[in-house]
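Here the structure is laid out as structure tokens; the discussion comes afterwards.
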Amino acid sequence: MAGRKRKLPVRKGDQNANKSELAVESKQQIVDRSLTSSTTTNLCRRLGDDFFFQPCVSLAKALLGKVLVRRYDDGTELKGRVVETEAYLGGEDQASHSAGGKRTPRNAAMFMKPGTIYVYPIYGIYLCMNISSQGEGAAVLLRSLEPLGGLPVMRRLRAARRKDGAQPLKDKDLCNGPSKLCQALDIPRAFDRLDLASDSEVWLEDADTDAGDATAAVVAASRIGIESHGEWAKKLLRFYLRGNAFVSVRDKMAER
DNA sequence: ATCGGGATTGCCT
DNA sequence: GGCAATCCCGATG
């Protein structure tokens, strides 16, 4: 790992920080202006290496209810509870970027230590965030979060690219999708290959014990957006908390 | 060097 | 529910 020193407004490889946004407002300005410094670090709750060392499907389920934290140097923290994930198994899983053991510079993080972040660009304008699991080329896609902290900052980060005059986003629309959560938590492409178990800008932790539906049932459903992959598109490798309003796509059949 | 498609989103009808 | 936006990356020649 090379020494990483990142400045907020212009981060190499951060597609959110290009021309279109420069004319509007830098992300540091957004953070500065909204100023919600909840400086609690809660290091004791942080999930370490051992949590990530489990098979893909197990990790996809275990991640539900955990809290993703994005911390800025000034102490600002953006937090969201994971409510929807997808398992991408590698090998036989034709829908996985690592299908057939295919390894490229793009998906290298899928083959790295469990807990390694895999961020990839999609459709030219969005990003998706995954977490490497145990298993060759296996990783879990984060699909939705329930926003818990730093909502004003999230709202600005999410609004930066939307049509002028649009209504402020509702809480449930801040992080209910894989690319939405990358925008809301300011996850840049440069986070690719970082270690979620040891990084100072992004990590996972246990939810507060008094948090809501910690015991909600887990629904297994088919994955989204991979229709072209035949039988693998139908497998029940998407997991979400039953009845949770922050899930991106509910499956009524699966919930019965 | 070129080409085609994509683990999505927001706006439109 | 349809569809354009938008560009990186992998495959191919």
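Each chain gets a letter, A, B and so on, in the order the sequences are listed, and its residues count up from 1.
A/Thr104 is linked by a side-chain contact (heavy atoms from CB on, under 4.5 Å) to A/Lys102, A/Arg106, A/Asn107, counting only residues two or more places apart in sequence or in another chain. Qualifying salt bridge (charged side-chain N to carboxylate O under 4.0 Å, His left out) partners for A/Glu227, counting only residues two or more places apart in sequence or in other chains: none. Partners of A/Lys180 by salt bridge (charged side-chain N to carboxylate O under 4.0 Å, His left out), not counting sequence neighbours: none found. In this structure A/Asp171 satisfies the salt bridge (charged side-chain N to carboxylate O under 4.0 Å, His left out) test together with A/Arg155, sequence neighbours excluded. A/Lys61 meets the salt bridge (charged side-chain N to carboxylate O under 4.0 Å, His left out) test with no other residue; sequence neighbours excluded. By the ring pair (Phe, Tyr, Trp, His ring centres under 6.0 Å) test, A/Tyr120 is found to be paired with A/His97, A/Tyr118, residues two or more places apart in sequence or in another chain being considered.
Comparing the P positions of B/dT2 and C/dT6 gives a spacing of 22 Å, expressed to the nearest Å.
For the strand DNA chain C, secondary-structure stems (runs of at least three Watson-Crick or G-U pairs, all distances below 3.5 Å) span B:1-6 with C:7-12, B:8-12 with C:1-5.
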Return a single string for nucleotides 4-10 of chain B, one symbol per nucleotide in 5' to 3' order, where B is base contact, S is sugar-phosphate-only contact and - is none, cutoff 4.0 angstrom on heavy atoms. --BBBBS
Between A/Leu68 and A/Leu142, does a side chain to side chain contact (heavy atoms under 4.5 Å, CB included) hold up when you go through it step by step? CA-CA 10 Å; A/Leu68 182 65; A/Leu142 298 185; 4.1 Å; yes
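Pairs engaging residues 247-256 of chain A under the side chain to side chain donor-acceptor pair (under 3.5 Å) rule: A/Glu84-A/Ser248, A/Arg143-A/Ser248, A/Tyr240-A/Glu255, A/Arg250-A/Glu255 [sequence neighbours left out].
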